[in-house]
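Because the structure is a prediction, the values reported are computed rather than measured.
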Amino acid sequence: MTGVLVRLKWALLRNGLRQSAGRRVAYAASALVSVLFGALVVLGLVLLHGNRHATTVGVVLLALLALGWAVFPLFFPSGDETLDPTRLVMLPLRPDPLVRGLLVASLVGIGPVFTLCLTAGAAYAVGHGAASTAVALLAVPLAVLVCVALARAVAAANTRLLTSRKGRDLAVLSGLVIALGAQLVNFGAQRLGRAGGLGALDPAADVLRWVPPASAIGAVEAAGRGAYGPAAAQLALTAAALAALLLVWRRALTRLMTAPDGSTLQAAEPSRRATPRRRLFPDGRTGTVMERSLRYVWRDPKTKAAWITSLAIGMIVPVFNALQGTGSAYFACFASGMLGIQMYNQFGQDTSAFWMVAATIASPRDAYAELRARALALLVITLPYATLVTVLTSALLDAWQELPEVLGLSFALLGAMLATGAWTSARFPYSIPQEGYKNVAPGQAGLAWISIFGGMVAAAVLCAPVLALTIALHATDHTDWSWLLLPAGAAYGTAATLLGLRLAAPRTAERLPEILTAVSKG
């Protein structure tokens with residue numbers, strides 16, 4: 001069975017590349033990038049041979065590799081078609097041969113080869129003498145198998161999730177995870193530079209060298225310095241982790257292939273007495289539109305991804321700069337700017353379902369009520385979030401005196417973006433495709449650029465009076481009166497929002513057919 005599954009993996013890979021030239025180019029590009037990046041890392045590890053920080057680098061590197069293997073199936077479930085064992089449910093296969101075959105088949109691909117190269121490089125960097133070489137011959141394959149088994153166990157345990165709508169929602173957020181990871185790596189590198197180099201990682205490495213599969217590299221290092229007892233213990237710990245992962249994987253496969261799912265359960269269950277649901281929003285059109293908008297945020301994959309990205313980046317930029325000691329309290333306004341973008345292209349988020357909304361708009365008054373309710377739904381999230389980011393940034397920088405004026409600027413900016421977002425939603429609507437990773441339908445990229453960036457420039461212009469007042473108070477050394485900027489900014493933002501909604505309502509009512517056509521193209 002092992003040979004059959006390996007040939008099946010090769011066939012899937014080969015036939016997938018035959019489907020289109022785009023796939024072949026993408027695969028070749030990913031392979032080339034992996035080879036180049038892997039070669040650079042291995043070269044760096046080779047140069048670290050004999051360095052006192054080589055063990056720290058090797059252990060931390062392997063721990064990060066294992067983390068990557070653990071999260072890969074969750075955020076890229078379509079990256080490997082063999083990650084879904086439910087395709088083999090109807091075949092008379094026993095768990096043990098299936099686990100062995102899938103484990104060997106999992107070693108076919110770019111990822112395992114990349115991991116093998118980096119693990120071998122780490123082993124060479126920390127090894128000294130014949131004893132460490134002998135241990136490395138066993139430790140390196142064990143570490144690679146632990147990484148692959150970890151990915152398979154995670155995939156098998158979450159197969160039901162990954163093949164559901166929630167799993168597809170999770171995959172949409174993969175770009176956010178990559179962005180957050182890059183920011184964390186950048187932050188960690190800067191902290192290491194200020195802390196005096198790699199020596200700051202030594203305490204973490206002392207712990208990770210006993211955590212599989214990083215313990216395999218610890219075993220190579222221990223054998224090189226003659227500590228054969230710890231080396232044997234670390235090697236045994238890695239082997240035990242592999243055995244435990246294979247057992248977890250086997251049980252997950254057994255449960256997955258024998259337990260009933262939604263297609264085998266009875267369609268009807270005993271009815272339960274419906275209990276009245278408490279409404280959190282006011283009755284009428286306002287409450288209905290607010291609830292619908294917030295449901296889109298929670299349930300629609302594209303809308304959810306946009307919101308989570310804005311929330312994360314709006315927090316990362318001011319907080320990370322404050323932690324690095326290079327930031328300013330005014331960076332907290334970045335949160336309001338990122339969240340205010342969600343007001344742009346309000347109708348495009350509805351896609352073709354906008355026709356049901358359009359059917360309820362018969363006058364500028366109806367359009368105003370619709371836009372006002374959508375703005376209120378955004379404010380339910382944006383107001384407390386912008387306040388939280390501002391307070392947190394001020395606390396990290398110990399800049400409490402600047403808190404009122406920064407909050408005032410944040411509220412003014414948020415109001416200006418709500419105003420311009422309502423107007424551009426009616427003037428420059430565009431469609432958001434529901435499938436794939438594109439956020440703009442083909443041929444509408446120009447509309448998207450005009451809507452978002454044009455609106456942001458207009459919002460910056462609208463905030464000019466509050467910004468000028470802030471500069472004037474500082475220039476004339478009247479900072480004792482800066483607390484007035486909080487109520488002034490809140491009042492200005494409220495006035496700007498109401499004015500923008502009033503101006504956008506007639507345009508929305510007039511252009512309903514054009515809006516419906518534009519947002520339905522995806």
Side-chain angles (χ1 to χ4, degrees), residues 282 290 307 310-344 371-423 455-503:
M290 290 179 65
W307 267 97
S310 296
L311 290 170
I313 297 178
M315 175 75 75
I316 286 173
V317 171
V319 170
F320 271 40
N321 280 280
L323 289 173
Q324 294 171 13
T326 60
S328 167
Y330 293 96
F331 280 16
C333 295
F334 199 81
S336 295
M338 291 300 300
L339 297 179
I341 293 176
Q342 303 307 316
M343 187 63 186
Y344 294 85
L371 290 170
R372 182 186 60 188
R374 291 177 183 245
L376 288 174
L378 265 69
L379 290 173
V380 169
I381 302 175
T382 54
L383 273 180
Y385 187 80
T387 303
L388 172 64
V389 172
T390 305
V391 172
L392 181 59
T393 305
S394 300
L396 292 174
L397 294 172
D398 195 20
W400 295 108
Q401 185 177 359
E402 299 175 355
L403 177 62
E405 58 189 89
V406 174
L407 266 181
L409 282 173
S410 296
F411 293 156
L413 176 61
L414 182 59
M417 296 196 74
L418 291 178
T420 57
W423 191 85
M456 291 172 64
V457 171
V461 173
L462 283 178
C463 288
V466 180
L467 184 60
L469 179 59
T470 304
I471 296 174
L473 287 176
H474 282 270
T476 57
D477 198 20
H478 287 83
T479 54
D480 293 341
W481 295 93
S482 61
W483 62 270
L484 290 174
L485 289 171
L486 177 55
Y492 187 84
T494 303
T497 301
L498 294 176
L499 180 60
L501 296 177
R502 289 289 182 186
L503 295 176

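- Screening residues 412-422 for side chain to side chain donor-acceptor pair (under 3.5 Å), with sequence neighbours left out, gives Tyr344-Thr420.
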Go through the steps to decide whether Leu486 and Phe411 satisfy the test side-chain contact (heavy atoms from CB on, under 4.5 Å), and finish with yes or no.
CA-CA 8 Å; Leu486 177 55; Phe411 293 156; 3.8 Å; yes

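- Remark: Ile381 engages Leu294, Trp307, Leu311 in a side-chain contact (heavy atoms from CB on, under 4.5 Å) (not counting sequence neighbours).
- Under the 4.5 Å side-chain criterion, counting only non-hydrogen atoms from C-beta, Leu407 is in contact with Thr387.
- To the nearest 0.5 Å, atom CG of residue Leu376 and atom OG1 of residue Thr497 are 9.5 Å apart.
- For the pair Leu379 and Leu414, the minimum side-chain heavy-atom distance is below 4.5 Å.
- The side-chain heavy atoms of Thr393 and Phe334, taken from C-beta on, include no pair separated by under 4.5 Å.
- Annotation: side-chain contact (heavy atoms from CB on, under 4.5 Å) contacts of Phe331 (sequence neighbours excluded): Pro318, Asn321, Ser328.
- Proximity of Leu378 to Leu339: side-chain heavy atoms (C-beta onward) are nowhere separated by under 4.5 Å.
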One pair to check against side-chain contact (heavy atoms from CB on, under 4.5 Å): Leu409 and Leu485. What are the steps and the verdict? CA-CA 7 Å; Leu409 282 173; Leu485 289 171; 5.9 Å; no

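- Although no hydrogens or angles enter the test, the distance criterion places a donor-acceptor pair under 3.5 Å between the side chain of Tyr492 and the main chain of Leu462.
- For the residue pair Cys333 and Leu413, the shortest heavy atom distance occurs at O-CD2, 3.6 Å.
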